[in-house]
Amino acid sequence: MSNDMQNDPLNRLKNVAAPDARSEAKQRAVSAGMAAFEAANTKSATAPKGSSWGRRLTSIITSWKRKTIMDMRLPIGTAAIALLVLPLGYQLYTTTSMTGLPEASTRAVAPVAEPAPVDEALSPPPPAKVAQERAAPAPVAPAPAEMEMSAGDRVMMETMPEPLAAQNSMLTRAPAAGFATPMGEAMPMQAQPSGDEFISFDEQRLKVVAEQPVSTFSIDVDTASYSYVRRMLEDGFVPEPDAVRIEELVNYFPYDYPAAPSAEVPFQPTLAVFPTPWNPKTQLLQIGIKGYVPPAGQDKPANLVFLIDTSGSMDEPDKLPLLKRAFALLVEQLSGNDTVSIVAYAGSAGVVLEPTIATNKTAILGALDNLWAGGSTAGAEGIELAYRLAEEARVDGTNRVILATDGDFNVGIDDPEKLEGFIKAKRDGGVTLSVLGFGRGNLDDATMQALAQNGNGNASYISSFREAQKVLVEEVGGTLEVIAKDVKIQVEFNPAAVSEYRLIGYETRALNREDFNNDAVDAGDIGAGHTVTALYEITPVGSGGELVDPLRYGAEAARAGSEEIAFLRMRYKLPDSDVSQLIEQPVTPEVVYADIGQASDDARFAAAVAAFGQKLRGSDYGAGMSWDAIAELARSGRGADESGYRSEFVQLVKAAAGLK
Amino acid sequence: MHLPVMGPTAAEELGHTQAMTQALVVRARNGDAQAFGELLEDHFELIFRTAWKWCGNRHDAEDIAQEVCVKLGQAIGGFDGRSAFSSWIYRITLNAVRDWQRAGRRRGRHADRYAEIAPDEHPADQEDAATSGQLWAAVRRLPEKQRDAVLLVYAEELSHAAAADIMGIKEATVSFHVHEARKTLRGLL
């Protein structure tokens with residue numbers, strides 16, 4: 001090594017041409033700076049004047065300022081506090097969900113080629129190693145043990161101190177992966193940005209009909225998981241398994257089930273049985289329902305309170321600005337019967353708009369426009385305020401609070417259980433809650449789901465303007481008007497026809513058998529025009545596809561006489577009733593298709609989405625089906641696809657194929 | 001063999017406009033939004049390029065530059081003129097880079113994924129370019145203080161005294177950090 005100026009290699013550092021900033025980036029940055037300048041200035045304008053430099057007067061001898069010992073108060077005080085707080089803060093910082101895994105820090109320093117023109121001198125050393133590390137972990141066949149964490153457990157990986165998380169990850173995976181598993185494989189969570197939280201859940205296990213002939217679950221009309229998964233894949237990440245809720249993937253798409261004839265019986269089941277695309281020995285039982293759509297004339301009044309997160313983290317193009325545009329869309333759908341109010345929490349807190357008739361669009365849109373993100377002030381009693389407004393403006397129709405957030409549930413009630421209890425109590429009082437999630441990196445999906453479920457509303461994830469259009473325009477009926485509540489489904493399989501079954505998805509919606517007839521047990525609600533699809537993978541008796549050996553001393557299959565495959569029961573309550581109604585329908589051999597090609601487009605498409613979800617989750621089932629086969633099946637079930645969502649799904653499968 | 005230098009270095013650029021800047025700073029401090037806007041316009045390139053050099057990626061650099069602009073807007077009223085405006089900007093930018101990279105743990109890491117698929121628009125056709133790329137990569141991986149010192153002195157071509165002012169440390173400490181960096185980089189140099 002030579003320090004000679006001519007040959008000093010460090011001198012080469014000056015020979016770099018940084019690219020020019022893009023003009024729009026400059027524009028954005030400059031205007032952001034100007035806004036900050038103005039904000040700071042208006043603040044200092046109202047502050048007492050004493051110094052031309054807008055600083056507080058700390059000494060009367062201004063010209064000696066900074067030289068007097070008095071002026072040292074601040075630095076000394078600050079230093080003392082810093083000494084106390086920094087180690088503590090660091091400790092907290094490293095032990096909370098704010099912390100990613102240490103590898104994360106390599107992102108910043110690891111050289112990265114952007115699609116932007118980068119000088120060749122800087123073209124980075126091949127990032128292949130980094131890429132491998134990131135690409136490899138996710139597809140690793142997940143050990144079943146990983147899913148053995150009890151449902152309801154938050155994914156603690158991110159919130160645990162790092163060594164603990166690693167340990168835990170090793171432990172839970174150990175039985176299948178073995179302790180020899182390299183660390184890279186043991187931590188598949190690195191595959192996506194941390195920060196978003198999901199409830200971890202067990203995959204539905206195979207059940208033996210002889211032991212558990214009855215399967216019970218609550219319907220789920222949420223679609224947040226699909227939008228989240230789509231966004232992750234489009235951004236080039238493999239979503240973590242717990243982010244993939246198969247029923248939400250399947251239910252994202254509109255299906256052409258026959259609608260119910262009247263509001264009294266708000267839906268009727270559509271049944272089909274067809275061969276499983278990923279397993280020739282089993283069949284899929286498809287249960288589809290579509291909510292009754294009231295005729296256009298019957299416009300029930302709606303009283304909507306937007307509860308909007310305006311914390312600093314919302315200040316990103318895909319958050320508050322998108323939210324404003326999304327709500328503007330929703331407002332367009334409302335009529336003179338409807339009222340809108342807006343409450344903001346954090347940042348600009350308080351009532352932004354008193355209950356206003358929805359036709360007064362100028363006032364509503366103006367109030368929306370005036371929202372700005374910034375600050376992290378706790379918007380105390382934000383949620384209470386929202387509910388109070390909702391109750392003030394109560395109408396004989398839909399009364400709903402719509403919470404829009406990127407995951408900051410700093411709404412005034414800190415204790416999650418208390419918050420859920422509060423929402424539950426308000427729900428019983430007739431005010432429901434929907435949650436719209438925005439952005440990525442901070443999203444608390446688990447809380448979102450919990451709040452919406454307790455509030456009898458929907459949780460949706462708004463990733464783009466298009467998604468806003470789907471949720472708030474195309475499906476506004478379903479979002480706003482509940483046609484049946486506490487919808488539960490119970491399927492009893494005939495042991496003479498089916499030996500094993502497995503419900504695909506609905507892990508977080510499982511109910512106990514006795515809950516079905518218990519009207520006090522809460523379940524999912526269905527809105528006007530909502531479609532819900534459930535798929536069971538069933539193993540017909542004698543197909544040879546059984547995974548569980550029959551019991552040597554077990555009873556012989558009972559009631560061999562009946563040809564029915566299964567018996568479907570559904571319970572629901574009409575919107576203003578507390579007593580549930582029952583719908584019953586047998587699954588008979590008439591609905592069985594010998595070839596999947598004969599089944600409806602909807603059936604094929606739903607099967608493809610389920611296969612996609614299983615593969616993406618790294619499920620134990622259906623992993624053998626190739627991405628191409630899934631895409632092909634989805635394409636065959638695309639149908640008319642007026643909205644284009646199904647074509648988009650086919651593209652998404654291809655994207656996933658490239659990533660996993 | 002050296003690569004062509006595109007335009008004047010930040011340091012020179014600043015020299016020409018120093019007097020002008022001085023006047024704008026005074027006006028901005030007194031709440032003149034237009035003057036502040038001009039300051040931002042003038043210095044945005046410096047901020048962006050610095051951010052880019054420190055982190056080596058346009059996307060992050062743009063975000064950092066924006067944060068720096070916001071911070072400048074908030075803090076210009078308190079700028080006391082004890083050090084040069086450009087030093088102050090460097091300091092804020094370096095702090096922003098550091099904050100950004102620390103916060104990077106919880107942000108998305110698209111960049112890595114893109115890195116693998118991004119077409120190599122400028123294939124390294126010179127051996128020099130390749131080693132220079134390695135050098136940059138290594139420098140960016142240095143501990144923060146060493147990296148800051150090396151980049152300020154060699155990439156920004158500032159004097160040790162100016163670098164010391166920016167980093168808020170003694171001149172001798174800058175030399176020490178550079179020395180340490182050399183030791184760390186020994187294998188590459």
Side-chain angles (χ1 to χ4, degrees), chain A residues 1 9-19 21-22 25-26 28-30 32-38 40-41 44 52-55 98-100 104-105 107-125 127-128 130-131 134 193-195 235-237 440-441, chain B residues 2-3 5-6 29 31 33 36-37 40-41 44-45 48-49 52-53 55-59 62 65-66 69-70 72-74 76-78 101 104-116 118 120-124 129 132-137 139-141 150-151 154-155 157 186 189:
Chain A
M1 186 177 86
L10 282 180
N11 274 333
R12 282 200 312 238
L13 288 173
K14 72 178 174 218
N15 297 319
V16 63
R22 288 175 308 164
K26 178 172 178 179
R28 213 170 50 220
V30 169
M34 294 296 287
F37 178 78
E38 240 126 71
N41 246 16
S44 68
S52 60
W53 292 7
R55 225 175 315 104
M98 313 254 295
T99 328
S105 59
R107 177 193 77 101
V109 282
V112 160
E114 285 281 271
V118 172
D119 187 85
E120 58 262 47
L122 289 170
S123 48
V130 181
R134 302 223 184 285
S194 54
D235 283 0
F237 294 107
R440 196 185 62 194
Chain B
H2 288 313
L3 290 164
V5 177
M6 287 170 85
R29 225 165 40 195
F36 179 71
L40 279 189
E41 289 281 339
F44 185 80
E45 281 300 298
F48 173 76
R49 286 183 188 200
W52 187 87
K53 283 177 193 168
C55 65
N57 140 5
R58 174 189 288 265
H59 183 259
E62 283 175 356
Q66 177 163 346
C69 288
V70 170
L72 288 175
Q74 289 162 352
I76 183 96
Q101 294 185 336
R105 298 163 178 201
R106 58 181 290 260
R107 280 181 220 254
R109 291 186 290 279
H110 327 43
D112 294 349
R113 185 66 73 173
Y114 284 151
E116 134 195 52
D120 198 353
E121 286 178 27
H122 300 272
S132 187
Q134 276 175 13
L135 174 64
W136 272 94
V139 168
R140 289 191 184 120
R141 267 196 293 267
V150 166
L151 287 180
Y154 290 97
E157 298 182 78
R186 185 164 287 153
L189 297 180

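Numbers restart at 1 for each chain; the letters A, B, ... are given by sequence-line order, proteins then strands.
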Testing the basics here: between B/C55 and B/Q101, what is the closest heavy-atom pair and its distance to 0.1 Å? CB-NE2, 3.6 Å
With a 4.5 angstrom heavy-atom cut-off, is it the side chain or the backbone of B/E62 that approaches chain A, or both, or neither? side chain
If I measure from the heavy atoms of chain A, does B/I76 come under 4.5 Å with its side chain, its backbone, both, or neither? side chain
Quick check on B/F44 against chain A: is it the side chain, the backbone, both or neither that has a heavy atom closer than 4.5 Å? side chain
Shortest non-hydrogen pair, B/F36 vs A/M34, comes out as CD2-SD, 3.6 Å
Which atoms form the tightest heavy-atom contact between B/V70 and A/A36, and what is the distance? O-CB, 3.4 Å
N-O pairing of A/K26 and B/E41 below 4.0 Å: yes
